[in-house]
> 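Right, I'll just put the structure down here and ask away after.
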Amino acid sequence: MSGNNPAHLMRTLSRIWAWLFLLALVIFFSLTGEGFFSLFNLQAIGANVAILLIMALGQTFVIISAGIDLSTGFVMGLASVAGAMAMTALPPGTPLPLIALTGLAVGLGVGLIPGLVNGLIIAKLKVPAFIVTLGMFGIARGAGFLLSGGMPLPVSIQGLGRIGNGYLFYYYPSQGLSFLNPPAGVTGVELRQVTGILPHPLTFAVILVLAAHWLLKHSRFGLHTYAIGGNQEAAIRAGIPVDRRTVALYMLSAGTAALAGVLYNMRFTNGAANSGEALLLDSIAAVVIGGASLFGGEGTIIGTVIGALIIAVIQNGLVILGINPFWQFVAVGVVIILAVLVDQAKEQVAS
Amino acid sequence: MDEQRREHPALQVVGLTKRFGGLTAVDNVDMEVYPGEVVGLIGDNGAGKSTLIKMISGVYRPDGGKIFLEGQETTFVSPLEARRLGVETIYQDLALCENLDATANIFLGREPMRRSLGLLKAVDRKHMLAESRSVLDRLDIHIPDLSRPIREMSGGQRQAVAIARAVYWNARLMIMDEPTAALGVPEQRKVLHLVHTLREQNVPVIIISHNLQDVFAVADRVVVMRRGKKVAERPIQETTMDELVSLMVGGSLLEE
C-alpha cells in the first residue's frame with residue numbers, strides 16, 4: 001500500500017491543483033489590486049468569461065474523445081455574422097424576443113454546418129481531426145469575411161444590447177430587488193446606485209455549463225465520449241456507433257461556438273468574422289488547464305470552468321494592477337505549460 | 001456427440017474469406033460449431049485465427065462466404081449487430097477502455113438507462129455496479145474497487161473484466177481469443193472452469209489458444225488453420241499433441 005501513496009497523492013494533487021491555483025490568484029489579486037475583490041468586478045469577470053467558457057464546453061467533449069477542433073474561433077465569427085445579418089434583415093417593429101430568437105436560430109443553424117462537415121469527414125473519410133478542422137478554420141474564416149464584406153456588421157436594434165449586458169436582478173437600497181429591469185422611477189444619477197446581480201451572459205453560461213456537465217457525466221453520449229477517447233478500437237468492438245458519435249461531437253463543438261457567436265451579437269451589438277479569433281487558443285487552454293488530456297479519455301466540465309476562470313482572473317487582475325496587457329499572453333502561456341507538467345508528473349508517478 | 005451432430009449447428013461458416021491488400025488472411029474456410037460444443041481453433045502465428053473470429057464477431061466484413069447463426073444467414077455489419085444476435089467475444093487484446101472503470105467496461109455499448117429529471121435518460125450506474133458485482137461473484141473473481149479505472153488494475157483483473165463483459169450478456173455463442181494468456185495458474189483454472197460451465201449451459205464456445213494443454217483440457221473438437229486455410233479438423237479423442245503441432249507447422253515434422 002505504501003507504494004501507492006505517492007501516486008495517490010499525485011493524483012489528488014493533479015485533481016485539485018487548478019482549484020488551488022485559482023484560489024491563490026484570487027487571493028493575490030485581492031490583496032494587490034484595488035477593486036478586484038468587489039461584487040462588481042467579480043461579476044464582470046463572470047460576464048467576460050462567458051463567451052470563452054461556452055466555446056470551451058464543446059471543445060472539452062472533443063478533446064476528451066481524443067480529437068481537437070481548431071475551427072471553433074471562426075465558426076463563432078461566422079455564426080455572429082449570420083446572426084447579425086438575420087436580425088438586421090427583420091422589418092422594423094419586430095418584437096425584441098422574436099429578433100433575438102431569429103438571431104439565435106440562424107446563428108446556430110449556420111454554425112452547425114461546419115461542425116457537421118468536420119464530423120462527417122473525420123468519421124467517414126478518417127482524415128485526422130487536426131487537419132480537417134484546420135481546413136475548416138480557413139473556410140469558416142473566409143466565409144465569415146465574405147458574408148460580412150470584411151467589416152464588422154453593426155446590429156443597432158433597440159434593447160438588444162440589454163440582453164448581452166443586462167442583469168437578472170437589480171438592487172436599489174430603498175426599493176429592494178427588481179427583476180430584469182432597474183426599479184421603475186429610479187433615474188439619472190440614482191441609477192449609479194443600482195447594483196446589478198447576475199449578468200445575463202453569466203446566467204446563460206451557467207445554464208450551458210450545467211447542461212454540458214450533465215451530458216458528459218450522466219448521458220450515454222458522455223460515457224461514449226470517454227470510451228472513444230480511451231480506446232476507439234475497443235469502443236467500436238463494444239458496439240458503440242463511433243461514427244455517429246464523432247459527427248455529434250463536432251456538431252456539439254460547432255454548436256457551442258455558434259452560441260458564443262450569438263452571445264457576442266447581444267453583448268457587443270455587432271457581428272464580426274474575427275470575433276472568436278483570439279478565443280480559440282484560450283478555449284483549448286481552458287480545457288487543458290482544467291485537466292483534460294490531449295491524448296483523450298480524461299477531462300471534466302468543472303475542470304474546464306476552472307481553466308477558463310484562471311485565464312479570466314489573470315487577464316482581469318493584470319489589468320487592475322495596471323500591468324502592460326501583453327503580459328497576459330505570457331502569463332496564460334506559462335499556466336498552460338504548468339498544467340501539462342502537472343499532468344506528466346502524475347503519469348510518471350502512476351507508472 | 002452423435003446426438004449433437006443431428007442438431008442444427010449453432011454457428012456455420014461457409015467459404016469465409018478475408019483479404020488485406022494482396023494477402024489472403026482467411027481463405028475459403030468452412031466451419032461448424034454445435035450447441036454445447038467447445039471447438040479449439042489453433043494454428044501458428046499469422047494462420048488467420050483472429051481474422052476468422054473477427055469476421056464472426058462483426059469487426060471485419062468478409063470478402064467472401066456466408067455466416068449462419070442457428071440456421072439463419074447473417075451479415076454482421078457491425079460488432080453491435082453481432083452482439084445483438086448473441087455472439088460475445090473476448091479479444092486477445094481485451095478491447096477495454098483503460099480510462100473507464102470495470103463497471104463501465106462491462107456495460108460498454110449497452111448501458112442500462114434510467115429516467116432522470118423527468119424526461120432525460122441517464123446511464124444507470126447503480127444498476128450497472130450491482131450487476132457487475134453479481135457477474136464477477138458468479139465467476140468467482142474478486143476485484144476490490146470496481147470504480148477504479150482499468151489501467152490501475154493487474155493483467156489478471158483486466159482479463160477478468162473482459163470475461164465478465166462477455167459472460168454477462170448470456171451469449172448464444174462465446175468466442176475466446178487467447179483467454180488465458182495474461183493469467184496466472186489459478187486464474188487459468190477459473191477460465192477453463194468457465195468454459196465447462198458454458199458447455200453445461202449448452203452455450204457453444206470457440207476457443208483460440210497457443211496452449212495446447214488448455215485446448216486438450218476443454219475442447220471437444222479441434223480446427224487447425226495454416227496460412228489462412230483450414231487444414232484439419234479432429235475430435236479431441238482422436239488426436240495427439242504431436243499430430244496437432246505437425247498440422248500447425250505444415251507436416252514437415254512428420255516427414256522428417
> If you count heavy-atom pairs under 4.5 Å with chain A, which of B/R125, B/R110, B/E98, B/R83 comes out on top?
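If we count pairs closer than 4.5 Å to chain A, B/R83 comes out on top.
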> Considering only heavy atoms, which portion of B/V59 lies under 4.5 Å from any heavy atom of chain A: side chain, backbone, both, or neither?
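Just the side chain, heavy atoms under 4.5 Å.
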> Does anything in residues 287-298 of chain A get under 4.5 Å of chain B by heavy atoms, and if so which residues?
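Residues of residues 287-298 of chain A touching chain B at under 4.5 Å: A/G297, A/E298.
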> Tell me, yes or no, whether the heavy-atom count around B/F20 atom CZ, taken from other residues, nucleotides or ligands under 6.0 Å, exceeds 12.
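More than 12 heavy atoms, drawn from other residues, nucleotides or ligands, come within 6.0 Å of this atom.
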> If you check every heavy atom in residues 237-245 of chain A against those of chain B, which residues fall under 4.5 Å?
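Near chain B, by residue number: A/R237, A/A238, A/G239, A/I240.
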> Heavy atoms only: give me the nearest A/A227-B/L108 pair and the separation to one decimal.
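A/A227 and B/L108 have their closest heavy atoms at CB-CD1, 3.7 Å.
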> Which answer fits B/D93, side chain, backbone, both or neither, if we ask what part of it has an atom under 4.5 Å from a heavy atom of chain A?
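For B/D93, the contact with chain A is made by the side chain alone.
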> What part of B/E152 lies closer than 4.5 angstrom to a heavy atom of chain A: side chain, backbone, both or neither?
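It is the side chain, since no backbone atom gets that close.
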> Decide side-chain contact (heavy atoms from CB on, under 4.5 Å) for B/V123 and A/H224; before the verdict, give the C-alpha distance in whole Å, the side-chain angles of both, and the deciding distance to 0.1 Å.
CA-CA 11 Å; B/V123 173; A/H224 289 180; over 6 Å; no
> Counting neighbours of CD on B/E73 that are heavy atoms of other residues, nucleotides or ligands and sit closer than 6.0 Å, is the number greater than 12?
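More than 12 heavy atoms, drawn from other residues, nucleotides or ligands, come within 6.0 Å of this atom.
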> Pull out the residues in residues 204-221 of chain A that come under 4.5 Å of chain B, heavy atom to heavy atom, sorted by number.
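Against chain B, the residues of residues 204-221 of chain A that fall inside the cut-off (heavy atoms, under 4.5 Å) are A/W214, A/K217, A/H218, A/S219, A/R220.
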> Measure distances from B/R151 to the heavy atoms of chain A and classify the residue's part below 4.5 Å as side chain, backbone, both or neither.
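Contact with chain A is through the side chain of B/R151 alone.
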> Select, from B/L120, B/L94, B/N105, the one with the greatest count of heavy-atom pairs under 4.5 Å involving chain A.
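Most heavy-atom pairs under 4.5 Å with chain A: B/L120.
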> Tabulate, in ascending numerical order, the residues of residues 246-257 of chain A having at least one heavy atom closer than 4.5 Å to a heavy atom of chain B, or enter 'none'.
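If one takes a 4.5 Å heavy-atom cut-off, no residue of residues 246-257 of chain A lies near chain B.
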> Considering only heavy atoms, which portion of B/S116 lies under 4.5 Å from any heavy atom of chain A: side chain, backbone, both, or neither?
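Side chain of B/S116 only, per the 4.5 Å heavy-atom cut-off to chain A.
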> Taking the side chain as everything from C-beta on, heavy atoms only, tell me whether B/L100 gets closer than 4.5 Å to A/N231.
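B/L100 does not reach A/N231 side chain to side chain.
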